[in-house]
Amino acid sequence: MIKAAVIGATGYAGAELVRLLAGHPGVEITALTSRQYAGEAFADVYPALRGMVDHVCREYAADAICPGTDVVFTALPHKLPMAIVPEILEHGCRVVDLSADFRFSDAAVYEQYYQPHTSPDFCKESVYGLCEVNREKIQGARLVGNPGCYPTSVLLPLIPLLKAGVIDAGSIIADAKSGVSGAGRSPSLGTHICEVQESFKAYKVDAHRHAPEMTAVLQEAGRGGVGLCFVPHLVPMIRGMLSTIYASLNKPLSTDDVLDILAEYYTGQGFIRLYPAGKFPETRYVRGSNFCDIGVKVTEGGNRVILVSAIDNLVKGAAGQAVQNMNIMCGIDETAGLDMIPLPV
């Protein structure tokens with residue numbers, strides 16, 4: 001039985017982690033922390049889990065939480081994990097961090113887009129937790145940087161094609177749309193229902209901090225320079241993410257050719273679902289699941305490919321992938337606790 005703790009359990013990603021871990025057949029939750037709700041029952045914060053999770057939220061203290069715990073999930077805002085992950089590792093726990101603090105192997109790149117890093121040496125050790133791509137590295141890791149939701153939805157369709165050398169790495173355009181839960185639970189004017197309902201907007205145009213994360217991973221996959229134009233959008237729904245990605249092909253290919261490349265790369269990967277030619281995913285097809293659905297269209301003439309991917313931003317884009325990383329790190333069935341069937345309606 002894996003003993004797991006969640007630091008920052010009452011944010012949206014943290015609560016989703018608690019939901020998944022509570023239903024995991026091989027996990028026992030040892031502790032849930034929350035600064036805002038310390039001393040309150042988790043089920044009072046999220047009544048949907050009443051009768052399923054009986055923990056009381058507590059303040060974070062490594063000496064109290066780490067003994068008897070195997071894996072610690074840090075579901076905290078950027079900057080906070082870098083201050084506590086080193087001491088958690090010193091206690092012998094393995095860590096899956098859901099912030100951006102340990103997604104970059106080069107701390108200087110992180111600092112360029114976030115803030116000064118107080119634990120840069122651990123960046124070199126951390127493994128980027130894109131499960132279907134870095135599985136072997138994840139298996140031996142004690143620290144995993146869980147990918148962002150936008151990068152997950154963009155990288156999974158692109159990496160096999162970059163590795164196969166069939167797309168122009170300098171031509172990539174990613175147009176992505178996210179539900180409002182991606183902004184987190186803390187209230188803000190930009191995510192107020194009156195500001196987002198019956199509206200649709202682009203934000204942080206060509207300036208989102210997930211872009212350098214994607215670029216770094218794509219450069220490694222393509223072994224060279226990458227030109228990525230990334231534009232995120234906010235849509236008036238709670239959860240879900242749809243990314244439409246465009247790239248020029250290095251040689252004429254058909255839709256079936258591209259699907260064959262993806263199918264070969266993702267053979268045996270249970271959470272990647274490829275759609276047949278002419279069919280494309282929707283966010284409702286993956287709601288509540290750990291699937292990444294991918295559709296493909298090569299334009300007439302065979303010179304440009306269009307990739308459409310859909311994920312649940314809180315599951316495959318955050319908590320589900322974190323649990324998948326834990327499963328791989330601990331050497332158990334990768335799908336354990338993640339075999340949820342998407343809601344049909």
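This is a predicted model, so every value here is computed, not measured.
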Undergrad: Please check if the side chain of Thr30 supplies one atom and the backbone of Thr69 the other of a donor-acceptor pair under 3.5 Å.
TA: no
Undergrad: Taking all non-hydrogen atoms of both residues into account, name the closest pair between His78 and Ala100 and its distance.
TA: ND1-N, 3.0 Å
Undergrad: Show the nearest heavy-atom pair for residues Leu259 and Ala277, with the distance to one decimal.
TA: CD1-N, 3.7 Å
Undergrad: Could you give the distance from CG (Asp175) to OG1 (Thr244), rounded to the nearest 0.5 Å?
TA: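 Reported value, rounded in 0.5 Å steps: 5.5 Å.
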Undergrad: Hey, does Lys124 have a side-chain heavy atom less than 4.5 Å from the side chain of Ser105?
TA: no
Undergrad: Going by atom types alone, do Asp97 and Thr74 pair a side-chain donor with an acceptor below 3.5 Å?
TA: yes
Undergrad: Side chains of Val133 and Leu155: closer than 4.5 Å at any heavy-atom pair?
TA: no
Undergrad: Can you name the closest pair of heavy atoms from His117 and Asp101 and give their distance?
TA: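 Smallest interatomic distance, heavy atoms only, reads NE2-O, 2.7 Å.
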Undergrad: Measuring from Met1:CE to Cys330:SG, what's the distance to the nearest 0.5 Å?
TA: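 Answer rounded to 0.5 Å: 12.5 Å.
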Undergrad: Classify the ring geometry between Tyr203 and Tyr150 as parallel (under 30°), tilted (30 to 60°) or perpendicular (over 60°).
TA: tilted
Undergrad: Decide yes or no for Val154 and Ile172: does some side-chain heavy atom of the first lie under 4.5 Å from some side-chain heavy atom of the second?
TA: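 Side-chain contact under 4.5 Å: no.
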Undergrad: Apply side-chain contact (heavy atoms from CB on, under 4.5 Å) to Cys292 and Thr152, showing your working.
TA: CA-CA 9 Å; Cys292 175; Thr152 297; 5.7 Å; no
Undergrad: How far does CD1 of Ile65 sit from CD1 of Ile88, to the nearest 0.5 angstrom?
TA: 8.0 Å
Undergrad: Please report the interatomic distance NZ(Lys137) to SG(Cys131), rounded to the nearest 0.5 Å.
TA: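 Taking NZ in Lys137 and SG in Cys131, the distance rounds to 14.0 Å.
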Undergrad: Does Phe230 form a side-chain contact (heavy atoms from CB on, under 4.5 Å) with Lys204? I'd like the steps, not just the answer.
TA: CA-CA 9 Å; Phe230 172 63; Lys204 296 183 180 177; over 6 Å; no
Undergrad: Strictly by modelled atom types, are Gln36 and Thr10 linked by a side-chain donor-acceptor pair under 3.5 Å?
TA: no
Undergrad: Tell me if the aromatic rings of Tyr113 and His210 count as close, with their centers under 6.0 Å from one another.
TA: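 Ring-ring flag for Tyr113/His210: false, centres at least 6.0 Å apart.
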Undergrad: Using a 3.5 Å cut-off and no angle test, enumerate the donor-acceptor pairs between side-chain atoms of residues 212-221 and protein atoms at least two apart in sequence or in another chain.
TA:
residue	atom	partner	partner atom	Å
Glu213	OE1	Arg103	NH1	3.2
Glu213	OE2	Tyr128	OH	2.6
Glu213	OE2	Gly148	N	3.0
Thr215	OG1	Ala211	O	3.0

Undergrad: CG/Leu80 to CD1/Ile7 distance, rounded to the nearest 0.5 angstrom?
TA: 11.5 Å
Undergrad: Any non-hydrogen side-chain atom of Leu130 less than 4.5 Å from a side-chain atom of Gln321?
TA: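 Side-chain contact under 4.5 Å: yes.
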Undergrad: Taking the basic N atoms (NZ, or NE/NH1/NH2) and the acidic carboxylate oxygens, is any pair closer than 4.0 Å for Glu132 and Lys316?
TA: yes
Undergrad: Examine distances only and state if a side-chain atom of Asp312 and a backbone atom of Gly288 form a donor-acceptor pair shorter than 3.5 Å.
TA: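 Such a contact is found between Asp312 side chain and Gly288 backbone.
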Undergrad: Are side-chain heavy atoms of Leu343 and Arg284 found at a separation under 4.5 Å?
TA: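 They are not in side-chain contact.
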Undergrad: Under the criterion side chain to side chain contact (heavy atoms under 4.5 Å, CB included), which of Val305, Asp257, Ile306 is the partner of Val296?
TA: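 Going through the options one by one, the only one that passes is Val305.
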